[in-house]
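I have placed the structure first, in the form of structure tokens, so that the comments after it can refer back to it.
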There are 2 protein chains.
Amino acid sequence: MARDEIEIGALASLVGYHLRRAASAFLTDFTAAMDGSGLRQVTFAILSMVAENRGTNQGAIGRILSIQRANMVALIDELVEKGLIERAVDRTDRRAFSLTLTPAGEAALVDARKRIDAHERRMLAEFSPKERAKLAELLARIERRDPIASEDKAEG
Amino acid sequence: MARDEIEIGALASLVGYHLRRAASAFLTDFTAAMDGSGLRQVTFAILSMVAENRGTNQGAIGRILSIQRANMVALIDELVEKGLIERAVDRTDRRAFSLTLTPAGEAALVDARKRIDAHERRMLAEFSPKERAKLAELLARIERRDPIASEDKAEG
DNA sequence: TATTGTTATACTCTATAACTATA
DNA sequence: TATAGTTATAGAGTATAACAATA
């Protein structure tokens with residue numbers, strides 16, 4: 001093994017770099033924690049959203065989670081095929097599907113929450129409750145920022 | 001537009017969810033900020049590493065940035081083809097390539113840093129210097145955590 | 001025997017354009 | 001005319017296995 005005593009240097013001062021690395025570390029551990037459950041980050045998020053917003057359609061969920069309509073199709077298909085959610089034609093809008101959890105979906109969600117709580121506890125083991133709350137708050141503020149696209153995307 | 005008054009509910013309490021969203025927001029704005037520069041998050045990171053660790057090989061850089069050896073090949077090719085870095089057979093290890101920045105690479109890095117500094121200022125506009133430092137510190141601590149894989153991956 | 005760089009490959013994720021059926 | 005869902009597709013990003021040259 002050659003000497004790996006290289007420094008990240010300037011990258012260390014970039015919040016974006018650390019965000020990328022931290023999110024990647026979380027994804028890796030999340031995936032390991034969910035092994036055998038049949039759920040991933042995205043599908044868990046969708047399942048969780050359906051559970052708390054019974055009857056909403058996939059478009060609305062995709063909008064909240066920033067998932068393209070086109071990409072939602074396969075994701076919902078996946079959850080339906082696993083028997084975790086059900087599609088039913090919406091009563092007030094026959095273009096849309098009303099989504100609800102099946103009993104198996106409820107059970108899967110309970111199991112997933114247990115796994116994920118353990119995963120978060122593991123990743124944040126050295127964080128005080130105060131630090132954890134602070135981190136969540138700072139991150140939530142970043143999410144709300146508009147990207148450059150909304151400012152000057154008119155040219156080009 | 002159907003009513004989108006749905007809540008993220010339980011997801012709101014998950015640091016992993018916010019990390020994912022925040023990293024995604026940063027990526028979007030980063031990409032827009034680098035438009036026309038020919039650099040992306042990964043290639044900028046590599047360029048930055050080469051600049052601060054002249055002569056190191058691609059394996060060492062990949063190890064630090066968590067990029068697979070196999071995937072480094074195309075990335076280095078890309079930077080070489082753009083004339084930003086140069087490969088030279090390592091004097092002490094003829095298997096390896098010693099990487100250095102070209103003058104064009106130096107210039108590209110200066111330009112990139114300007115764009116990225118503006119990007120970070122924009123994304124963290126409402127953050128005090130103290131908050132920004134706190135965020136970077138908390139994220140850096142997450143990066144250092146070992147994934148579940150290192151604990152109990154022995155069983156199938 | 002281990003490591004550097006390489007090729008080939010495959011799977012996931014994300015983004016866009018165009019279609020249909022409803023509204 | 002706009003929206004919900006769909007299909008097809010393409011580009012990133014990421015992961016593994018196997019090989020040649022060198023250590």
Side-chain angles (χ1 to χ4, degrees), chain A residues 1-4 6 20-21 23-28 30-32 34-35 38-46 55-80 85 87-99 147 149 153, chain B residues 1-4 6 20-21 23-28 30-32 34-35 38-46 55-80 85 87-99 147 149 153:
Chain A
M1 196 181 292
R3 46 181 168 150
D4 260 24
I6 42 181
R20 188 179 147 96
R21 298 301 302 254
S24 171
F26 256 73
L27 172 59
T28 299
F30 184 100
T31 304
M34 298 300 275
D35 186 53
L39 291 175
R40 297 167 279 154
Q41 271 192 339
V42 216
T43 48
F44 163 73
I46 294 173
T56 39
N57 58 39
Q58 56 197 67
I61 290 176
R63 245 171 271 132
I64 299 281
L65 297 179
S66 299
I67 303 170
Q68 308 282 331
R69 285 146 272 146
N71 296 330
M72 282 296 290
V73 181
L75 293 168
I76 297 295
D77 279 350
E78 186 180 326
L79 290 169
V80 169
I85 65 176
R87 274 193 260 237
V89 178
D90 192 298
R91 294 177 185 175
T92 62
D93 186 341
R94 286 186 307 175
R95 291 172 303 181
F97 286 126
S98 177
L99 303 175
K153 190 79 177 191
Chain B
M1 194 180 292
R3 46 182 167 148
D4 259 24
I6 40 181
R20 188 180 148 96
R21 297 300 302 255
S24 171
F26 256 74
L27 172 59
T28 299
F30 185 100
T31 304
M34 298 301 275
D35 186 52
L39 290 175
R40 296 168 280 154
Q41 271 191 340
V42 216
T43 48
F44 162 73
I46 294 173
T56 39
N57 58 39
Q58 55 196 68
I61 289 176
R63 245 170 271 132
I64 300 280
L65 297 179
S66 299
I67 303 170
Q68 309 281 331
R69 284 147 273 148
N71 296 330
M72 282 296 290
V73 180
L75 293 168
I76 297 295
D77 279 350
E78 187 180 326
L79 290 169
V80 168
I85 66 176
R87 276 193 258 237
V89 178
D90 191 300
R91 293 177 185 176
T92 62
D93 186 343
R94 286 185 307 173
R95 293 172 303 182
F97 286 125
S98 178
L99 304 175
K153 189 80 176 192

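Numbers restart at 1 for each chain; the letters A, B, ... are given by sequence-line order, proteins then strands.
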Quickly work out the [X] [atom1] to [N] [atom2] distance and round it to whole Å.
X	N	atom1	atom2	answer
Arg94(B)	dA2(C)	CZ	P	22 Å
Leu75(B)	dT7(C)	CG	P	13 Å
Phe44(A)	dC13(C)	CZ	P	16 Å
Asp90(A)	dA21(C)	CG	C1'	14 Å
Met72(B)	dT7(C)	CE	P	14 Å
Ile76(B)	dT4(C)	CD1	P	14 Å
Leu65(A)	dA15(C)	CG	P	14 Å
Leu27(A)	dT12(C)	CG	C1'	10 Å

Distance-only donor-acceptor test, [X] side-chain atoms vs [N] base atoms, 3.5 Å:
X	N	result
Arg95(B)	dT3(C)	yes
Asp93(A)	dA4(D)	no
Asn71(B)	dA15(D)	yes

Just so I know, are the side chains of [X] and [Y] near enough to count as touching, which here means a heavy-atom distance under 4.5 Å?
X	Y	result
Leu39(B)	Leu79(B)	yes
Val89(A)	Phe97(A)	yes
Leu99(A)	Ile46(A)	no

Does Ser98(B) reach the main-chain N or O of Gly55(B) with its side chain, forming a donor-acceptor pair under 3.5 Å? yes
Determine yes or no for a side-chain-to-main-chain donor-acceptor pair under 3.5 angstrom, with Ser24(B) supplying the side chain and Arg20(B) the backbone. no
With a non-hydrogen cut-off below 4.0 angstrom, is Arg69(B) in contact with a base, only sugar-phosphate, or nothing? base
Relative to the 5' end of DNA chain C, which residue comes earlier, Gln41(A) or Thr92(A), by the nucleotide with the nearest heavy atom? Gln41(A)
Assign each of Asp77(A) and Arg20(A) the nucleotide of DNA chain D bearing its closest heavy atom; nearer the 5' end lies the nucleotide of Asp77(A)
Considering only side-chain heavy atoms of Ala70(A), which listed nucleotide, dA8(D), dA12(D), dT4(C), is closest? dA8(D)
Which of dA23(C), dT6(C), dT4(C) is nearest the side chain of Val73(B)? It is dT6(C)
Would one find a side-chain N or O of Gln68(A) under 4.0 angstrom from OP1 or OP2 of dT14(C)? no
Any side-chain N or O of Gln58(B) below 4.0 angstrom from OP1/OP2 of dT6(C)? yes
